[in-house]
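See structure below.
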Amino acid sequence: MNPDFAIVLDFKINGNADADFLVKTARNIGARAVITNAQKDDFKEACSKYTIFLADEADGVDLNSDDVIDTIVTNRQNGKNTIINIPVTDGKFDDTTQKLLDTINSWMHLFGHALNEGKSSTLESNNGFILENRHADYQKYVFVKRPLPEKIEVTGLTQEPNRVEWIDHRTDLDFTFKDGKLTINLTEPESDLAWQVLRIQAHRPEDDIIHTEF
């Protein structure tokens with residue numbers, strides 16, 4: 001399955017369901033692929049409309065709002081997708097499933113780009129783990145979990161980065177770079193979510209271009 005599909009929603013349909021609504025729900029919470037056990041023609045049409053991949057049936061897992069983000073992030077760290085079983089009865093989600101979807105949506109609203117675009121990085125951190133943007137390798141993402149340390153150390157960079165920031169509200173973080181080691185001083189991010197993500201913006205050749213006016 002495409003490595004960009006970090007989250008796959010496996011709709012387990014009992015009764016009739018609105019495929020358009022379900023696929024749109026998946027798109028809106030940051031999933032890029034769905035699976036269905038019914039109404040495949042309806043889902044094919046909806047997936048085309050919302051640019052979502054309709055994947056072949058595969059084994060999913062039953063998760064809840066307490067463990068879903070841990071599972072998604074850990075699987076991404078290990079280069080795996082997370083296929084989540086989503087029961088749908090007569091076109092509706094029960095309260096537990098809705099809470100699960102709301103939890104995914106809240107986290108992905110802030111960090112979905114880093115999760116979906118991230119792939120394994122050669123950089124190492126003494127806290128959490130690092131992915132790099134598969135389409136723009138000058139961007140690295142450090143995933144750290146609360147309780148947050150006062151600082152983290154990243155090794156493997158060959159140049160001092162241009163910028164380090166919490167992705168949430170793009171808050172700049174102070175850092176030093178010496179002898180190949182990047183030390184980042186952490187401040188309290190604005191969101192209270194357990195998993196936080198910071199971005200290391202590496203030096204790029206275009207950053208050396210001097211702006212001129214004619």
Side-chain angles (χ1 to χ4, degrees), residues 1-8 29-33 67-82 103-213:
M1 190 177 289
N2 189 312
D4 286 347
F5 302 151
I7 302 172
V8 183
I29 69 169
R32 292 183 172 176
D67 61 14
V68 63
I69 301 303
D70 272 342
T71 302
I72 289 170
V73 174
T74 300
N75 282 344
R76 202 51 161 168
Q77 179 182 9
N78 296 324
K80 299 179 180 178
N81 309 104
T82 302
T103 298
I104 297 172
N105 182 58
S106 294
W107 195 86
M108 290 292 285
H109 178 72
L110 294 176
F111 309 123
H113 180 77
L115 186 83
N116 279 324
E117 307 301 339
K119 68 173 185 177
S120 297
S121 172
T122 57
L123 302 186
E124 295 184 356
S125 173
N126 67 342
N127 191 290
F129 67 96
I130 302 176
L131 301 179
E132 74 174 44
N133 188 315
R134 70 179 68 250
H135 307 294
D137 60 6
Y138 55 84
Q139 291 187 342
K140 318 294 185 184
Y141 307 115
V142 186
F143 291 71
V144 290
K145 189 178 182 182
R146 293 181 183 275
L148 301 175
E150 292 185 0
K151 60 182 63 180
I152 61 173
E153 296 177 352
V154 174
T155 55
L157 289 169
T158 57
Q159 282 186 296
E160 180 175 339
N162 278 357
R163 183 177 186 180
V164 179
E165 62 186 3
W166 286 122
I167 287 182
D168 182 12
H169 291 85
R170 300 192 67 177
T171 304
D172 284 321
L173 294 170
D174 292 331
F175 64 89
T176 59
F177 183 71
K178 184 178 181 180
D179 298 329
K181 182 171 69 176
L182 176 67
T183 302
I184 305 169
N185 299 313
L186 300 186
T187 59
E188 181 65 20
E190 294 195 26
S191 74
D192 60 0
L193 298 173
W195 278 99
Q196 297 287 327
V197 185
L198 62 87
R199 175 169 39 226
I200 301 172
Q201 180 84 22
H203 184 84
R204 303 168 298 170
E206 53 264 42
D207 295 324
D208 295 327
I209 298 175
I210 299 174
H211 177 70
T212 58
E213 294 183 4

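One is the number of the first residue; the rest follow in order along the sequence. What you see is a predicted model; the values in this text were computed from it and never measured.
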Worked check of salt bridge (charged side-chain N to carboxylate O under 4.0 Å, His left out) between Glu124 and Lys140 | CA-CA 11 Å; Glu124 295 184 356; Lys140 318 294 185 184; over 6 Å; no

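- Counting all heavy atoms, side chain and backbone alike, Ile72 lies closest to Thr82 at CA-OG1, 3.5 Å.
- By the salt bridge (Lys or Arg N to Asp or Glu O under 4.0 Å) test, Lys145 pairs with Asp70, sequence neighbours left out.
- Atom CZ in Phe111 sits 11.5 Å away from atom CH2 in Trp195 (nearest 0.5 Å).
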Checking side chain to side chain contact (heavy atoms under 4.5 Å, CB included) for the pair Asn116/Met108: CA distance, chi angles, key distance, verdict?
-> CA-CA 9 Å; Asn116 279 324; Met108 290 292 285; 3.6 Å; yes

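- Applying side-chain contact (heavy atoms from CB on, under 4.5 Å) to Ile7 and the options Asn81, Asn75, Leu115 leaves one that passes, Leu115.
- With Asn133 contributing its side chain and His135 its backbone, the two residues share a donor-acceptor pair below 3.5 Å.
- For Arg170, the side-chain contact (heavy atoms from CB on, under 4.5 Å) test picks out Arg163, Glu165, Arg199, with sequence neighbours left out.
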Starting from the C-alpha separation in whole Å, work towards a yes-or-no answer on side chain to side chain contact (heavy atoms under 4.5 Å, CB included) for Leu157 and Phe177.
-> CA-CA 9 Å; Leu157 289 169; Phe177 183 71; 3.9 Å; yes

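- Residues satisfying the ring pair (Phe, Tyr, Trp, His ring centres under 6.0 Å) criterion with Phe143, sequence neighbours excluded, are Phe129.
- The shortest side-chain heavy-atom distance between Leu131 and Arg76 falls under the 4.5 Å cut-off.
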Starting from the C-alpha separation in whole Å, work towards a yes-or-no answer on side chain to side chain contact (heavy atoms under 4.5 Å, CB included) for Val197 and Trp107.
-> CA-CA 10 Å; Val197 185; Trp107 195 86; 4.2 Å; yes

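- Of all non-hydrogen atoms in Glu132 and Asp137, the two that sit nearest each other are OE2-CB, 3.4 Å.
- When atom types are taken as modelled, the side chain of Asn127 and the backbone of Ile152 share no donor-acceptor pair closer than 3.5 angstrom.
- Among all heavy-atom pairs drawn from Pro161 and Phe175, the shortest one is O-CZ, 3.5 Å.
- Within the 4.5 Å cutoff, no side-chain heavy atoms of Leu110 are placed close to those of Ile167.
- In this structure, Ile184 CD1 and Leu173 CG are separated by 7.0 Å, a value rounded to the nearest 0.5 Å.
- The OG1 atom of Thr187 sits 13.5 Å away from atom NZ of Lys151, with the distance rounded to the nearest 0.5 Å.
- A donor-acceptor pair is defined here as one N or O able to donate and one able to accept, closer than 3.5 Å; no such pair exists between the side chain of Trp166 and the backbone of Gln196.
- A heavy-atom distance below 4.5 Å is found between the side chains of Leu182 and Ile200.
- Note: Thr103 OG1 to Asp67 CG = 10.0 Å, rounded to the nearest 0.5 Å.
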Report the C-alpha distance between Val164 and Leu198 in whole Å, list the side-chain angles of each, state the deciding distance to 0.1 Å, and finish with yes or no for side chain to side chain contact (heavy atoms under 4.5 Å, CB included).
-> CA-CA 7 Å; Val164 179; Leu198 62 87; 4.0 Å; yes

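- Across all non-hydrogen atoms, the minimal contact from Arg146 to Pro189 is NH2-CG, 3.5 Å.
- Here the CD1 atom belonging to Ile69 is positioned 8.0 Å from the CG atom belonging to Leu193, to the nearest 0.5 angstrom.
- Around CD of Glu153, the count of heavy atoms belonging to other residues, nucleotides or ligands within 6.0 Å exceeds 12.
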Gln201 vs Gln139, side-chain hydrogen bond (donor to acceptor under 3.5 Å, both in side chains): CA-CA, chis, key distance, verdict | CA-CA 5 Å; Gln201 180 84 22; Gln139 291 187 342; 3.3 Å; yes

